[in-house]
Amino acid sequence: MRFDRFELQPRERQLLVSGKPAALSARAFDVLVALAERAGHLVTKNDLMDIVWHGRVVEEGNLHVHISSLRKMLGVDVIATVPGRGYRFIARVEAVQEGNGRQPVAAEVETATVSEVPKLRTNLPAALAPLISRDDDLALLRRLIDEHRLVTVVGAGGIGKTLLAQHLLAGRVGHYAHGVCWVELASVTDPAAVPGTIAAALGVRTAGDDEPLGALGKALAPLEILLALDNAEHLLGGVAALVQALLDAAPGLRIVATSQASLKVRGEHLYRLGPLAVPERTETGAQALTHGAVALFVERAQAVDPRF
């Protein structure tokens, strides 16, 4: 089987990269063969583990390790994660047969429609500010967005909702067939302009006879993507209606929103972000430096004056 610059030879148990054998563990190779032979189709985690480990009981983390190693070798555009369900091999595969040299077989393995839509731009900053003392929050937020299609990060202004959501998206770029996209709503004053703002952020065209929201829903319908809507509190009613309509229209869409209040949308899960920890009075200066609020202050001060 050929895809891009790779040739997979199951019988010989080798993967060629630009004609040269690649170093791949036996289990990772089995995972790759199982997915490539089912290109375009969802393979659940349980099915994949049964195929590769032949019914043995193993931790799901083992599968994640091999998927990660395959993505490092093949790139993030070959294996897509279907959150909460499994994986899909989305590269276009061409079967080859032995003979007087390898000849392409006329029929190609059919791939899902989702692979025909290119990844869209992320709109994330080229370099994110460090996320200080929020590792637990980020881990919990990752779990929530894997389990639910709509998560709203709620908290007071300036508490760090935006940066937390940006780090979530940055770490999830390769988990969705069409990536992630950041949408900033702070400057939008008219709820009617939100669909156009999202379309512009995605870089998709919504022109046609449909009203803007319907056109955006059609554009998102074939995508597997994580969308972030930042600073939604001043447009709660309009954003809530839009989010519900998009989730209904696009089954592969997941949304994380940041807001000072809940959207009150069906299926919404809230993540309430609290303030960073502060040191106790009895702690020494060195101990205090490990606390979130102090560590953040030091980081910001040193950005202004490295001698601080």
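For this chain, numbers begin at 1 and follow the sequence in order.
- Of the residues listed (Asp248, Ile225, Leu150), the one engaging Leu253 in a side-chain contact (heavy atoms from CB on, under 4.5 Å) is Ile225, and it is the only one.
- Side-chain atoms of Leu202 and Leu227, non-hydrogen and from C-beta on, do get closer than 4.5 Å to each other.
- Met1 is connected to Val17 through a chain of hydrophobic side-chain contacts under 4.5 Å among Ile, Leu, Val, Met, Phe, Trp and Tyr, so both are in one cluster.
- Between atom CG of residue Leu247 and atom CG of residue Leu242 there is a gap of 9.0 Å, rounded to the nearest 0.5 Å.
- Within the model, atoms OH of Tyr176 and CD1 of Ile145 stand 6.0 Å from one another, a figure rounded to the nearest 0.5 Å.
- Side-chain contact between Asn123 and Val183 is absent, with no heavy atoms from C-beta onward closer than 4.5 Å.
- Contact record, Val93 with Ala39: CG2-CB, 3.8 Å, taken as the closest heavy-atom pair.
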Mind running side chain to side chain contact (heavy atoms under 4.5 Å, CB included) on Glu268 and Val243 for me, showing each step along the way? CA-CA 10 Å; Glu268 178 185 31; Val243 164; over 6 Å; no
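- Looking at every heavy atom in both residues, Arg27 comes nearest to Trp53 through NE-NE1, 3.5 Å.
- Distance CZ/Arg2 to CD/Glu94: 6.0 Å, rounded to 0.5 Å.
- Residues Leu164 and Leu128 are members of separate hydrophobic clusters, defined by side-chain heavy-atom contacts under 4.5 angstrom among Ile, Leu, Val, Met, Phe, Trp and Tyr.
- To the nearest 0.5 Å, the span separating CH2 on Trp182 from CD on Gln166 amounts to 4.5 Å.
- For the pair His269 (side chain) and Val151 (backbone), a donor-acceptor distance under 3.5 Å is absent.
- Proximity of a side-chain donor or acceptor of Gln244 to a complementary backbone N or O of Ala240 within less than 3.5 Å is not detected.
- If you run side-chain contact (heavy atoms from CB on, under 4.5 Å) between Val31 and each of Asn62, Leu63, Ile79, only Leu63 comes through.
- In the hydrophobic cluster analysis, where Ile, Leu, Val, Met, Phe, Trp and Tyr join through side-chain heavy atoms closer than 4.5 angstrom, Val65 is grouped apart from Val52.
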Going through the checks in order, is the side chain to side chain contact (heavy atoms under 4.5 Å, CB included) test met by Thr122 and Leu169? CA-CA 9 Å; Thr122 69; Leu169 260 67; over 6 Å; no
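- Of all heavy-atom pairs between His178 and Pro222, the closest is CE1-O, 3.8 Å.
- Looking at Ser69, its side chain does come within 3.5 Å of a backbone N or O of His66 through a donor-acceptor pair.
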Could you walk me through whether Leu24 and Leu70 satisfy the side chain to side chain contact (heavy atoms under 4.5 Å, CB included) test, starting with their C-alpha distance in whole Å, then the side-chain angles of each, then the deciding distance to 0.1 Å, before giving a yes or no? CA-CA 8 Å; Leu24 202 59; Leu70 287 172; 3.9 Å; yes
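- The backbone N or O of Gly155 sits less than 3.5 Å from a side-chain atom of Lys161, completing a donor-acceptor pair.
- Among all heavy-atom pairs drawn from Thr152 and Ser259, the shortest one is CG2-CB, 4.2 Å.
- In the hydrophobic cluster analysis, where Ile, Leu, Val, Met, Phe, Trp and Tyr join through side-chain heavy atoms closer than 4.5 angstrom, Leu273 is grouped apart from Leu270.
- Between the Glu211 side chain and the Leu213 main chain, a donor and an acceptor come within less than 3.5 Å of each other.
- Side chain of Arg254 to main chain of His148: a donor-acceptor pair is present (N/O by atom type, distance under 3.5 Å, no hydrogens or angles).
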Check the pair Asp137 / Arg272 against salt bridge (Lys or Arg N to Asp or Glu O under 4.0 Å), numbers first and verdict last. CA-CA 10 Å; Asp137 292 302; Arg272 298 190 181 278; over 6 Å; no
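- Summarising the geometry, atom CD belonging to Glu37 is positioned 11.0 Å from atom CZ belonging to Phe89; distances are rounded to the nearest 0.5 Å.
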Walk me through it: do Leu15 and Leu74 pass the test side chain to side chain contact (heavy atoms under 4.5 Å, CB included)? CA-CA 11 Å; Leu15 173 70; Leu74 307 175; 4.1 Å; yes
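- Heavy atoms of other residues, nucleotides or ligands lying less than 6.0 angstrom from CG of Asp190 number more than 12.
- Taken to the nearest 0.5 Å, the CG atom of Leu8 stands 5.0 Å off from the CG atom of Leu32.
- Between Cys181 and Ala201, the shortest heavy-atom contact is SG-O, 3.7 Å.
- Looking only at distances, a side-chain donor or acceptor of Arg38 sits under 3.5 Å from a matching main-chain atom of Ala34.
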What side-chain donor-acceptor pairs closer than 3.5 Å can you find for residues 228-239, not counting sequence neighbours?
from	atom 1	to	atom 2	distance (Å)
Asp230	OD1	Thr162	OG1	2.8
Asp230	OD1	Thr258	OG1	2.4
Asp230	OD2	Thr162	OG1	3.0
Asn231	ND2	Glu184	OE2	3.0
Glu233	OE1	Gln260	N	3.1
His234	ND1	Asn231	O	3.4
His234	NE2	Leu185	O	3.2
His234	NE2	Val188	O	2.8

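- Each of Arg71, His64, Glu224 was compared with Thr81 under the side-chain contact (heavy atoms from CB on, under 4.5 Å) criterion, and only Arg71 meets it.
- Tyr87 and Lys45 make their closest contact through CE1-CG, 4.1 Å (heavy atoms, listed as atom of the first residue, atom of the second, distance).
- A donor-acceptor pair is defined here as one N or O able to donate and one able to accept, closer than 3.5 Å; no such pair exists between the side chain of Arg172 and the backbone of Leu226.
- No side-chain heavy atom of Ile255 sits under 4.5 Å from any side-chain heavy atom of Arg149.
- The side-chain heavy atoms of Asp30 and Arg13, taken from C-beta on, include a pair separated by under 4.5 Å.
- No donor-acceptor distance shorter than 3.5 angstrom exists from the side chain of Asp4 to the backbone of Phe6, with no hydrogens or angles considered.
- Side-chain contact between Val256 and Leu144 is absent, with no heavy-atom pair separated by less than 4.5 Å.
- Linking ILVMFWY side-chain heavy atoms closer than 4.5 Å, directly or via other members, places Val173 and Leu138 in a single hydrophobic cluster.
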